[in-house]
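The structure under discussion appears below in the form of structure tokens.
Keep in mind that the numbers below use all heavy atoms, side chains included, and drop hydrogens, waters and symmetry copies.
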Amino acid sequence: MVYPLFQVTSLNVAEMDYRDGLKLDLALMHNVLIRSLNSIINHAPRITPANQAAFLVYIQAFHDTCKVHMDGQETKLFPDLEAKSNAAGIKWKAVDDPARRILIADRLRQLHDYIEQLKKGPEVFNHLSVINVINQLAETLLQDFKSISGNLEGERLKSFVSHEELTDIAKQSLRWVETHSNVTIFLPFLASHHDKTTNAFWPGFPPLALEAIPKFTAMNPKTWEFAPFNPVTGAPQ
């Protein structure tokens, strides 16, 4: 099964009124995660004992990036936005199904535990089990992505938060994600799962990050061969 990507803008989200841009920004990030889900499913049947260790690092990179993305929303982005809506006397929630978020957290834990089990040795690896665990997570995760997108319509956000306020909230959320991430994995993961032909501006790596990506990629070169794009050049692979 190939999970479909979200439609994205080719415009520079950083130059927009971010109340219109947040939804578009998240769609680009969600596509990063969906591409990784698809890559895991695509490569799993062809994994051998020789490349299993690198593949497990790749699955772990997906897990860690997805978890910190969701945790950043739960810890910073959504509570800060909801505080603004409450202050304006407007009833608004980013997450309309908290139970689904709990289920996603549970399935991320299951994926983490399964990765630890697979590290015991090649004889434990079964590609059908890998795909099953990924599919269980993906189905719930994509439902959540679609729901969040619908709750972040620009006109709704404009009723309780300014562009400047939202930009500051998003920056604080991003800083939280950065401080809770392993940048040696996080940066190559982002770079190797974004299609530059869809948006040449995103994710807008600062110069120091761009300089670091080749070095970080070289730390796990075999791992990033499972990604859809070369993390250094952005070329399809």
Side-chain angles (χ1 to χ4, degrees), residues 1-6 8 27-70 104-146 181-199 202-203 213-237:
M1 179 176 185
V2 177
Y3 291 101
L5 300 173
F6 286 90
V8 297
L28 288 158
M29 183 62 204
H30 291 163
N31 280 357
V32 161
L33 295 170
I34 294 169
R35 288 189 184 97
S36 185
L37 288 168
N38 287 334
S39 288
I40 294 170
I41 292 168
N42 179 51
H43 287 289
R46 298 190 293 277
I47 296 304
T48 67
N51 62 7
Q52 179 178 321
F55 189 57
L56 293 184
V57 174
Y58 179 72
I59 300 176
Q60 185 75 57
F62 162 78
H63 167 276
D64 293 353
T65 305
C66 185
K67 185 176 187 303
V68 78
H69 172 70
M70 304 296 283
I104 290 170
D106 286 343
R107 288 182 171 170
L108 280 169
R109 278 192 291 271
Q110 290 171 9
L111 176 59
H112 176 268
D113 291 345
Y114 188 60
I115 294 168
E116 292 302 309
Q117 179 186 351
L118 292 177
K119 289 178 181 177
K120 294 178 181 178
E123 66 279 1
V124 181
F125 188 88
N126 180 302
H127 76 273
L128 293 176
S129 296
V130 172
I131 292 172
N132 183 55
V133 171
I134 290 296
N135 279 335
Q136 287 182 355
L137 170 62
E139 290 167 5
T140 311
L141 196 61
L142 266 65
Q143 290 174 5
D144 190 75
F145 289 169
K146 291 175 183 176
S181 299
N182 177 352
V183 293
T184 67
I185 295 293
F186 184 67
L187 289 180
F189 186 90
L190 284 184
S192 62
H193 291 84
H194 172 58
D195 184 351
K196 292 182 178 180
T197 66
T198 62
N199 190 302
W202 197 90
I213 287 173
K215 179 177 69 175
F216 293 159
T217 300
M219 294 170 66
N220 295 284
K222 294 296 183 182
T223 291
W224 305 117
E225 292 178 4
F226 299 108
F229 303 101
N230 183 293
V232 178
T233 67
Q237 57 181 26

Do [X] and [Y] have side chains that approach each other closer than 4.5 Å (heavy atoms only, starting at C-beta)?
X: Ile47; Y: His127; result: no
X: Lys196; Y: Phe229; result: no
X: Phe189; Y: Asp64; result: no
X: Leu141; Y: Arg107; result: no
X: Thr198; Y: Leu5; result: no

Does Lys119 have any salt bridge (Lys or Arg N to Asp or Glu O under 4.0 Å) partners at least two apart in sequence or in another chain, and if so, which? Glu116
What pairs with Lys146 under salt bridge (Lys or Arg N to Asp or Glu O under 4.0 Å), at least two apart in sequence or on another chain?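 Applying salt bridge (Lys or Arg N to Asp or Glu O under 4.0 Å) to Lys146 gives none.
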Worked check of side chain to side chain contact (heavy atoms under 4.5 Å, CB included) between Thr65 and Met29: CA-CA 10 Å; Thr65 305; Met29 183 62 204; 3.8 Å; yes
Could you tell me which non-hydrogen atom of [X] sits nearest to which non-hydrogen atom of [Y], and how far apart they are?
X: Ile115; Y: Leu56; answer: CG2-O, 4.4 Å
X: Ala191; Y: Ile213; answer: CB-CD1, 4.0 Å
X: Trp224; Y: Ser192; answer: CE3-OG, 3.7 Å
X: Thr223; Y: Ala54; answer: OG1-O, 3.2 Å

Check the orientation of [X] and [Y]. Use parallel for under 30°, tilted for 30 to 60°, and perpendicular for over 60°.
X: Tyr58; Y: His193; value: parallel
X: His43; Y: Phe226; value: perpendicular
X: Phe55; Y: Phe125; value: perpendicular

Return yes if some donor-acceptor pair links the side-chain N/O of Asn51 with the main-chain N/O of Thr48 below 3.5 Å, else return no.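 Pair found, side chain donor or acceptor close to backbone of Thr48.
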Without swapping roles, check the side chain of Asn31 against the backbone of Phe6 for a donor-acceptor pair under 3.5 Å. yes
Those residues at least two apart in sequence (or on a different chain) that pass side-chain contact (heavy atoms from CB on, under 4.5 Å) with Phe216 are Val183, Thr184, Leu187, Pro188, Ala212, Met219
With sequence neighbours left out, the residues meeting side-chain contact (heavy atoms from CB on, under 4.5 Å) with Gln237 are Ala227, Asn230
Validation: residues 129-138 side-chain donor-acceptor distances under 3.5 Å, sequence neighbours left out:
unit_1	atom_1	unit_2	atom_2	d
Asn135	OD1	Tyr3	OH	2.7
Asn135	ND2	Ile131	O	3.4

Worked verdict on Leu28 versus Val32 for side chain to side chain contact (heavy atoms under 4.5 Å, CB included): CA-CA 7 Å; Leu28 288 158; Val32 161; over 6 Å; no
Apply side chain to side chain contact (heavy atoms under 4.5 Å, CB included) to Phe145 and Leu33, showing your working. CA-CA 11 Å; Phe145 289 169; Leu33 295 170; 3.8 Å; yes
Between atom [atom1] of [X] and atom [atom2] of [Y], what is the distance when rounded to the nearest 0.5 Å?
X: Lys67; Y: Gln60; atom1: NZ; atom2: CD; answer: 11.0 Å
X: Ile34; Y: Leu142; atom1: CD1; atom2: CG; answer: 4.5 Å
X: Ser36; Y: Phe62; atom1: OG; atom2: CZ; answer: 6.0 Å

With sequence neighbours excluded, tell me which residues meet ring-ring contact (aromatic ring centres under 6.0 Å, His included) with Trp202.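 Residues passing ring-ring contact (aromatic ring centres under 6.0 Å, His included) with Trp202: His194.
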Any chance you could lay out the side chain to side chain contact (heavy atoms under 4.5 Å, CB included) test for Asn220 and Ile185, step after step, and finish with the verdict? CA-CA 9 Å; Asn220 295 284; Ile185 295 293; 3.8 Å; yes
